[in-house]
Amino acid sequence: MEKRKTVVLGVTGSIAAYKAAEITSRLMKLNVDVRVIQTEGGAQFITPLTLETLSRAPVYGDQFSRETPYDVEHIALAKLADVFLVAPATANFIAKAANGVADDLLTTTYLATLAPVLIAPAMNVNMLTHPATEQNIRVLKERGVLFVEPEEGLLACGDVGRGRLAPVESIVSAVIALLEPKQDLAGKRILVTAGPTKESIDPVRFLSNHSSGKMGFSLAKAAAKRGAKVTLITGPVSLTTPAGVERVSITSSAELCEAVESRFSGCDALIMAAAPADFTVRNSAEHKIKKNGNDGLTLELVPTQDILKKVGQQKKHQLVMGFAAETQNMEENALAKLEKKNLDFIAANDVAAKDRGFAVDTNEITLYSRSGKKEQSGLKAKDEIADWLLDRLSAAWAEQQK
Ligand code: CTP
């Protein structure tokens with residue numbers, strides 16, 4: 001690493017606080033500066049002296065201490081951070097962060113920092129799965145806060161379950177990935193589609209589906225971070241365009257088809273995360289359809305173009321990844337789509353299961369490859385799933401180079 005980077009490490013009151021020592025030591029060995037902020041609870045579990053010795057810097061605790069009077073401490077620390085890491089993070093810290101409570105140095109610094117925030121929770125399984133904690137974590141994830149998920153195991157309190165701090169190794173790797181994102185997709189042109197389509201019934205009504213666009217946006221963001229030139233073709237969604245990504249907005253399945261086809265020959269990979277309508281309304285009405293007494297309304301639906309199938313037939317050097325949202329017979333349906341659409345990969349998920357698929361921030365993918373490989377992602381944030389899928393694409397390109 002060229003210029004020394006700084007991690008501001010928040011240590012809160014969990015028995016896992018002793019692992020902050022190893023995190024600090026590992027980061028320092030990797031040439032990363034560490035500035036530690038301890039909450040009052042954190043200081044009960046590991047002495048400031050230990051962390052000071054390892055980080056070779058003062059440990060910050062009391063917001064109103066006069067020992068370093070020259071700077072507004074929380075703002076200075078917030079600006080210093082290249083990554084803001086809280087490990088271990090208690091349910092209390094997570095609750096405060098989710099609600100913007102700023103009543104100590106750590107929470108004020110959290111609110112003031114613009115650095116990427118990474119949280120590694122550690123707590124009792126019942127605290128972790130309490131609806132309040134689950135909701136707080138969801139809120140933070142929606143705001144872009146990243147998590148190193150806790151593990152399953154024997155907890156300090158004697159309970160067995162999820163809640164154990166993630167391995168130090170995983171926390172350190174997640175920090176390093178944020179400090180220096182790998183550029184393994186540099187030079188690749190990647191076309192990503194996202195979101196639903198809207199098929200017009202009349203000027204005020206449409207047919208659509210539950211796709212939120214989150215998976216496609218996560219993929220576009222991750223691919224751009226890893227150096228790819230990304231074009232994101234998206235249906236109507238209320239998501240911010242990721243930095244460095246070219247956005248093309250479409251409404252109907254026909255427009256999506258046109259937008260993909262016209263760009264396909266110029267791309268190296270197409271990732272089709274959009275949920276295009278399979279049917280559209282024949283002859284949508286020019287004027288608003290009026291109620292006519294008690295009569296019902298019959299719409300005639302006609303099939304749309306299967307976009308992947310169409311571009312799959314034109315495929316040359318491109319890698320093509322499709323998605324299969326299934327509610328039953330996932331493997332059989334996914335493999336049939338892989339074949340029928342001439343795909344290199346199909347990412348299948350069970351949308352009937354909780355925490356997977358539409359509108360949620362987590363997902364679990366089974367990825368089937370043309371080569372016959374089957375891999376499982378495990379339940380992860382969509383941002384992490386995106387990197388996991390791009391790792392596979394990147395590996396396929398590396399394989400082609402051999
Ligand atoms: N897809 C497409 N064109 C369509 C419909 C879907 O390119 N008109 C793409 C999706 O973006 C996805 C993949 O095909 O990557 C599978 O979509 P899915 O809706 O699961 O499959 P369908 O082929 O529409 O089959 P079915 O709805 O019968 O499950």
Side-chain angles (χ1 to χ4, degrees), residues 190-200 206-220 223 230-237 248-265 267 269-282 301-315 318-353 356-359 363-370 377 382 385-386 388-390 392-393:
I190 303 186
L191 200 52
V192 181
T193 69
T197 63
K198 283 184 178 174
E199 307 303 317
S200 176
F206 56 82
L207 294 176
S208 191
N209 59 61
H210 288 303
S211 170
S212 65
K214 287 179 177 171
M215 195 62 244
F217 273 65
S218 289
L219 279 157
V230 181
T231 302
L232 173 63
I233 307 175
T234 177
V237 294
V248 178
S249 295
I250 56 90
T251 306
S252 66
S253 199
E255 284 171 20
L256 177 59
C257 187
E258 211 279 313
V260 171
E261 257 202 301
S262 62
R263 291 170 178 81
F264 185 67
S265 63
C267 78
L270 166 65
I271 308 181
M272 192 80 187
D278 289 329
F279 299 96
T280 192
V281 181
R282 187 196 294 273
L301 301 181
V302 289
T304 55
Q305 183 70 250
D306 187 324
I307 305 166
L308 269 185
K309 192 170 168 205
K310 196 161 185 219
V311 295
Q313 287 158 0
Q314 303 160 16
K315 201 168 80 172
Q318 295 93 340
L319 289 177
V320 180
M321 182 183 285
F323 280 74
E326 303 293 345
T327 55
Q328 56 186 358
N329 303 334
M330 189 179 81
E331 178 151 335
E332 191 185 325
N333 287 330
L335 288 174
K337 286 174 192 175
L338 182 84
E339 205 47 52
K340 185 174 105 189
K341 302 184 191 224
N342 190 24
L343 306 176
D344 299 284
F345 299 99
I346 189 141
N349 66 340
D350 178 359
V351 282
R356 292 152 182 80
F358 300 130
N363 207 350
E364 183 165 15
I365 293 283
T366 307
L367 186 72
Y368 301 93
S369 311
R370 173 146 294 273
S377 69
K382 283 186 177 167
I385 294 275
W388 185 85
L389 288 171
L390 292 173
R392 270 83 204 150
L393 209 60

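Hydrogens, waters and symmetry mates are skipped; everything else that's a heavy atom, side chains included, is used. Numbering of ligands and ligand atoms starts at 1, following listing order.
- Listed by number with element, the atoms of ligand 1 under 4.0 Å from a non-hydrogen atom of A325 are 20 (O).
- With distances taken over non-hydrogen atoms, the option nearest atom 2 (C) of ligand 1 out of N333, I271, I307, I346 is I307.
- The distance from ligand 1 to the heavy atoms of G322 drops below 4.0 Å at these ligand atoms: 15 (O).
- Remark: ligand 1 and M272 share an N or O pair separated by less than 3.5 Å (distance only, no angle test).
- Listed by atom number, the atoms of ligand 1 under 4.0 Å from T304 heavy atoms are 8 (N).
- The side-chain hydrogen bond (donor to acceptor under 3.5 Å, both in side chains) with D344 is formed by just one residue from the set K315, R370, Q318; it is K315.
- Not a single N or O atom of K340, backbone or side chain, sits closer than 3.5 Å to an N or O atom of ligand 1.
- Less than 4.0 angstrom separates some heavy atom of A274 from each of these atoms of ligand 1: 10 (C), 11 (O).
- When the heavy-atom distances from atom 23 (O) of ligand 1 to K310, K337, K341 are ranked, the shortest goes to K341.
- The closest donor-acceptor contact from the side chain of T197 to the backbone of A277 lies under 3.5 Å.
- Every atom of ligand 1 with a heavy atom of D278 under 4.0 Å away is listed here by number and element: 4 (C), 5 (C), 8 (N), 24 (O), 27 (O).
- For ligand 1 and A324, the ligand atoms under 4.0 Å from any heavy atom of the residue are 20 (O).
- One option in N209, L308, D306 has a heavy atom closer to atom 9 (C) of ligand 1 than any other, and that option is L308.
- Remark: side-chain polar atoms of S200 are not paired, donor with acceptor, to backbone N or O of F206 under 3.5 angstrom.
- Counting atoms of ligand 1 from 1 in the listed order, those under 4.0 Å from a heavy atom of Q305 are 3 (N), 4 (C), 8 (N).
- No side-chain donor-acceptor contact under 3.5 Å links E326 to the backbone of A348.
- Comparing P276, A275, A334 against atom 6 (C) of ligand 1, the shortest heavy-atom distance belongs to P276.
- Looking at ligand 1, you won't find any N or O of S253 less than 3.5 Å from one of its N or O atoms.
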